[in-house]
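Report on the structure given below.
In what follows, chains are A, B, ... by sequence order, proteins preceding strands, each numbered from 1.
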Protein chains: 2
Amino acid sequence: MAYRKTDTVEARLADNRKRILAAARTLVAEGGWPEAQVSHVAAAAGLATGSVYRYFPSKVDLFVEVLSTVSQREVDVIEAIAGSEDSPAQRLEAAVTTFVLRAMRNRRLAYALIAEPCEREIDEARLTYRHAISAQIMRIVRDGQACGAFRAGIDPSIAATVIVGGFMEGLIGPLSPLNADFAGADRDGGAVPALASQIAEVCCAAVAALPTPG
Amino acid sequence: MAYRKTDTVEARLADNRKRILAAARTLVAEGGWPEAQVSHVAAAAGLATGSVYRYFPSKVDLFVEVLSTVSQREVDVIEAIAGSEDSPAQRLEAAVTTFVLRAMRNRRLAYALIAEPCEREIDEARLTYRHAISAQIMRIVRDGQACGAFRAGIDPSIAATVIVGGFMEGLIGPLSPLNADFAGADRDGGAVPALASQIAEVCCAAVAALPTPG
DNA sequence: TCAGATAATGAACATTAATTCATTTCTTCA
DNA sequence: TGAAGAAATGAATTAATGTTCATTATCTGA
């Protein structure tokens, strides 16, 4: 009488869930939010539309999980940099450069997750990760102020927010699907590293201490 | 046989159009985009829903005009500052401070026009004005580099973009309706001017030249 | 005042996807 | 193997607004 999920079934269910997430991510990475439709996801995952709702309570939940997974990885990367042993100036430079370079590796996805207009609830989920990134930058700023490498008298929270807004905005143009300048994949030695280092330089200067005169 | 609009009618039509725009603006300023519905606008303007379509081809056109009117004024203000006789450093500081202070005078409206999720086409119209503001900042950056007040070797376009993103992001938290910290109208001598000057300081430092050593 | 022309109305319509759910198919285990 | 439970299906439903348009009201010039 009892029905208990076999390992086989359990595995298939888990696989379905993964495939749905992967399909959703791929669709966003290829066509942005306009492609992010439940029926498309289902088709791409080889399931019926209604089946998606056996794995995710709603479209928003599904895509928030996609966004969270990708974003959390970026937060982790920045956190590792923020917690490293390098000088605050080096850490700030590395955090910004790394973020820009990584975003440019998957432009369409990064554009969708960072800047493309989307549903309110997904947009709100973005804030979580922006805050998390900002918190790591703030930590670097605090450390820098403590050791005199960064100017005192600036609110670290404001500085971090401005820096995060700055490098995100610096990315948006190059990320935009409308912008063809960065379409070529000349990631190494090309325009992308130059962009990253320029953005990082401006961000670092925003908080750097003035060299002690004399 | 012929029908020619009387001055009276002409005036009434013009007045209707203005009232529609004013109502639309007021609704956005009070409730943001969720309130920006054609039927609400019509009711607030004392007209029927369908009548709005005698003055504007679509909802998007109407609200793009609202956004344009408000945004262009801000562009004009910044342009005046950018073209003034002050030093580049003073102009940059003034541009950022002024923008922040003006935005904080009508937080809900500024939030809607700058950051609140909205329809794709309205969002695209935002970019126009962000670019226009960026162009003015870039002009200041160029002038500053030319006279040695700002560091050479930075792409003025990138610097301007990062600065604009920075102060916009610095504003978003304080502008957000969710944020109660700035709800009080202590505009003078209070938290708002302090915020503006902190944001401006960070932005200015991003491009300022290092004092010549020795 | 009246015919011709325009303006205003607002209920009905159109659109677009998300979501539901009655039905079908698959799984389990005695 | 078959009865009961679970999973999958996908067409129909829902919902929320922007937009239309047949109808009504108003205006102009003679």
Side-chain angles (χ1 to χ4, degrees), chain A residues 1-21 23-24 27-28 31-66 116-123 125, chain B residues 1-21 23-24 27-28 31-66 116-123 125:
Chain A
M1 39 152 190
Y3 177 100
R4 199 176 44 82
K5 284 175 194 160
T6 290
D7 285 353
T8 320
V9 171
E10 199 103 44
R12 195 191 65 214
L13 294 182
D15 182 61
N16 281 349
R17 193 173 197 282
K18 268 186 208 152
R19 285 213 321 289
I20 291 170
L21 281 167
L27 283 169
V28 174
W33 298 115
E35 288 305 310
Q37 291 171 29
V38 177
S39 61
H40 293 191
V41 171
L47 293 167
T49 304
S51 304
V52 171
Y53 287 85
R54 296 188 62 80
Y55 297 88
F56 297 90
S58 75
K59 174 191 168 169
V60 163
D61 285 82
L62 164 57
F63 283 99
V64 164
E65 185 162 335
V66 170
E116 191 177 18
C118 63
E119 310 182 28
R120 182 177 316 282
E121 285 151 300
I122 296 176
D123 196 70
Chain B
M1 35 145 191
Y3 176 98
R4 200 177 44 82
K5 283 175 194 160
T6 290
D7 286 352
T8 320
V9 171
E10 201 103 44
R12 195 192 63 212
L13 295 182
D15 183 59
N16 281 349
R17 193 173 197 282
K18 268 186 209 153
R19 283 213 322 288
I20 291 170
L21 281 167
L27 282 169
V28 174
W33 298 115
E35 287 304 312
Q37 293 172 29
V38 178
S39 60
H40 292 192
V41 172
L47 293 168
T49 304
S51 302
V52 170
Y53 287 85
R54 297 189 62 79
Y55 296 89
F56 297 91
S58 75
K59 173 191 168 168
V60 162
D61 285 82
L62 165 58
F63 282 100
V64 164
E65 184 161 335
V66 169
E116 191 178 19
C118 63
E119 310 184 26
R120 183 178 316 282
E121 286 152 298
I122 295 176
D123 196 68

(request) Compare side-chain N and O positions of B:R12 against OP1 and OP2 of C:dA8 and report whether any pair is under 4.0 Å apart. (result) yes
(request) Would you indicate, yes or no, if C:dT27 has its OP1 or OP2 atom less than 4.0 angstrom from a side-chain nitrogen or oxygen of A:T6? (result)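 For A:T6, the contact criterion (side-chain N or O under 4.0 Å from OP1 or OP2 of C:dT27) is not met.
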Take the protein atom [atom1] of [X] and the nucleotide atom [atom2] of [N], then report the distance between them rounded to whole Å.
| X | N | atom1 | atom2 | value |
| --- | --- | --- | --- | --- |
| B:E10 | D:dT28 | CD | C1' | 13 Å |
| A:R17 | D:dA8 | CZ | P | 13 Å |
| A:D61 | C:dT19 | CG | C1' | 13 Å |
| A:R54 | D:dT9 | CZ | C1' | 10 Å |
| A:I20 | D:dT9 | CD1 | C1' | 13 Å |
| A:D7 | C:dT27 | CG | P | 15 Å |
| B:R19 | C:dA8 | CZ | C1' | 12 Å |
| B:L62 | D:dT19 | CG | P | 10 Å |

(request) Look at all strands and tell whether B:N16 reaches a base, only sugar-phosphate, or nothing, counting heavy atoms closer than 4.0 Å. (result)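 B:N16: backbone/sugar contact only, no base atoms under 4.0 Å.
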(request) With heavy atoms under 4.0 Å as the rule, sort B:F56 into base, sugar-phosphate or nothing. (result)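 If one applies the 4.0 Å heavy-atom cut-off, B:F56 turns out to touch nothing in the nucleic acid.
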(message) Restricting to salt bridge (Lys or Arg N to Asp or Glu O under 4.0 Å), what partner residues turn up for B:R12, sequence neighbours left out?
(response) none
(request) For B:R19, enumerate each residue passing the salt bridge (Lys or Arg N to Asp or Glu O under 4.0 Å) test, keeping only those at least two apart in sequence or located in another chain. (result) B:D15
(request) Might you work through the side chain to side chain contact (heavy atoms under 4.5 Å, CB included) test for B:F63 and B:W33, ending with a clear yes or no? (result) CA-CA 10 Å; B:F63 282 100; B:W33 298 115; 3.7 Å; yes
(request) Determine whether B:P34 and B:E116 make a side-chain contact, defined as any pair of heavy atoms from C-beta on separated by less than 4.5 Å. (result)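 Yes, their side chains come closer than 4.5 Å.
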(message) Holding to side-chain hydrogen bond (donor to acceptor under 3.5 Å, both in side chains), I want the full list of residues that pass it with A:Y53, two or more places apart in sequence or in another chain.
(response) none
(request) Report the residues that fulfil side-chain hydrogen bond (donor to acceptor under 3.5 Å, both in side chains) with A:E35, sequence neighbours left out, ordered by chain and then residue number. (result) A:H40
(message) Under the salt bridge (charged side-chain N to carboxylate O under 4.0 Å, His left out) definition, can you give me all pairs with a residue in residues 45-66 of chain B, not counting sequence neighbours?
(response) B:R17-B:E65, B:K59-B:E119
(request) Any chance you could list the contact pattern along nucleotides 10-18 of chain D? Use B for base contacts, S for sugar-phosphate-only contacts and - for none, protein heavy atoms under 4.0 Å, 5' to 3'. (result) B------SS
(request) May I ask you to check whether over 12 heavy atoms, not counting those of A:E10, lie within 6.0 Å of atom CD? (result)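 Count over threshold, so yes.
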(message) Of the listed nucleotides (D:dA8, C:dA8, D:dC27), which one gets closest to any side-chain atom of B:V9?
(response)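 Of D:dA8, C:dA8, D:dC27, D:dC27 is nearest to the side chain of B:V9.
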What does the list of N/O pairs under 3.5 Å between the protein and nucleotides 12-15 of chain C look like, with a distance for each?
none

(request) Kindly compute the distance separating OH (A:Y55) from NZ (A:K18), expressed to the nearest 0.5 Å. (result) 12.5 Å
(request) Using heavy atoms to find the nearest nucleotide of DNA chain D for B:P57 and B:T8 separately, return the residue whose nucleotide is more 5′. (result)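 It is B:P57, whose closest nucleotide lies nearer the 5' terminus.
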